[in-house]
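Notes to accompany the following structure.
Lettering of chains follows the sequences in order, A, B, ..., and the numbering in each one begins at 1. Atom set for the values below is all heavy atoms of this structure, side chains included, hydrogens, waters and symmetry mates excluded.
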Amino acid sequence: MLLTPDFFQQDVLEIAPDLPGKLLMRKDSGGEQKAYRITEVEAYRGEEDLACHASKGKTPRTSVMYEPGGVWYVYLIYGMHWMLNVVTAEKNNPQAVLIRGVEAWNGPGKLTKALEITKAFNGRPLAKATGLWIASDNQSPDKNTVLQAPRIGIDYAGNYWKNKPWRYYLSV
DNA sequence: TCGACGATTGCC
DNA sequence: GCAATCGTCGAG
């Protein structure tokens with residue numbers, strides 16, 4: 001069942017724990033539809049969150065995060081890897097969920113490479129017509145199989161934000 | 001216009 | 001442990 005933009009207009013801390021176990025759906029250029037089970041995500045919550053790109057205010061790059069939830073936020077990091085995020089919350093509340101892992105792939109950079117995701121998706125809605133969306137099925141895991149831990153690669157954000165357990169992943 | 005830096009990865 | 005590699009952003 002397709003997760004619509006409505007679902008993504010809640011607080012990121014409501015959404016992020018629900019995403020592990022959901023399906024990332026991709027319709028590639030050949031018209032073939034593939035499903036990847038989401039295994040790991042991280043929440044980035046507003047301008048006050050020093051690990052969130054929006055902590056430095058609204059810029060051309062971060063403006064997508066200020067859109068209403070339900071669109072993709074895609075950016076290039078280290079000059080080589082694309083990061084895939086889902087914008088959440090209401091308009092002008094800059095939050096997003098970073099999709100870190102799906103099934104066999106580990107690492108957010110390898111994920112986007114495997115799914116052929118580039119900046120073309122930035123700002124586009126999560127919808128079938130886009131070719132990239134998120135769905136749920138009846139195999140969604142029990143709540144208590146989703147574990148929490150601190151986010152990765154954000155040492156610069158200071159101890160308070162660095163230690164927030166806002167990474168959510170499926171237990172093995 | 002320039003320089004510093006990063007929500008990563010893979011090789012030394 | 002560290003280089004690769006480039007868009008973004010703030011300083012000059």
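Residue contacts for A/Arg151: at a heavy-atom cut-off of 4.0 Å it reaches no nucleic acid atom on any strand shown.
Side-chain contact between A/Asn122 and A/Arg124 is absent, with no heavy-atom pair separated by less than 4.5 Å.
In this model, the phosphate group of B/dA7 is approached by a side-chain N or O of A/Tyr156 to a distance below 4.0 Å at OP1 or OP2.
Using a cutoff of 4.0 Å between basic side-chain nitrogens and carboxylate oxygens, A/Arg100 and A/Glu42 are scored as salt-bridged. Taking a cutoff of 4.0 Å between a charged side-chain nitrogen and a carboxylate oxygen, A/Arg45 and A/Asp11 qualify as a salt bridge.
With rounding to whole Å, A/Lys56 atom NZ is found 16 Å from B/dA4 atom P. As a whole-Å value, the separation of A/Ile152 CD1 from B/dG6 C1' is 15 Å.
Atom NZ of A/Lys58 is surrounded by more than 12 heavy atoms from other residues, nucleotides or ligands within 6.0 Å. More than 12 heavy atoms of other residues, nucleotides or ligands sit less than 6.0 Å from atom NZ of A/Lys91.
A/Met25 approaches A/Ala35 most closely through the heavy-atom pair SD-CB, 3.6 Å. The two residues A/Arg26 and A/Glu116 have their closest heavy-atom pair at NH2-O, 3.3 Å.
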Given pairs defined as Watson-Crick or G-U wobble with both distances under 3.5 Å, what dot-bracket annotation applies to DNA chain B, with ( ) intrastrand, [ ] crossing, | other strand and . unpaired?
||||||.||||.
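Hydrophobic clustering (side-chain heavy atoms under 4.5 Å, transitive across Ile, Leu, Val, Met, Phe, Trp, Tyr) groups A/Leu170 together with A/Ile134.
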Does the side-chain hydrogen bond (donor to acceptor under 3.5 Å, both in side chains) test come out yes or no for A/Glu47 and A/Ser55, once each step is laid out?
CA-CA 4 Å; A/Glu47 294 181 344; A/Ser55 65; over 6 Å; no
Going through the distances and angles, do A/Val74 and A/Asn85 end up as a side-chain contact (heavy atoms from CB on, under 4.5 Å)?
CA-CA 6 Å; A/Val74 180; A/Asn85 302 250; over 6 Å; no
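For residues 77-102 of chain A, proximity to DNA chain C is found at A/Tyr78, A/Gly79, A/Met80, defined as any non-hydrogen atom under 4.0 angstrom from a strand atom. For DNA chain B, the neighbouring residues in residues 107-123 of chain A, judged by any heavy atom under 4.0 Å, are A/Gly107, A/Pro108, A/Gly109, A/Lys110.
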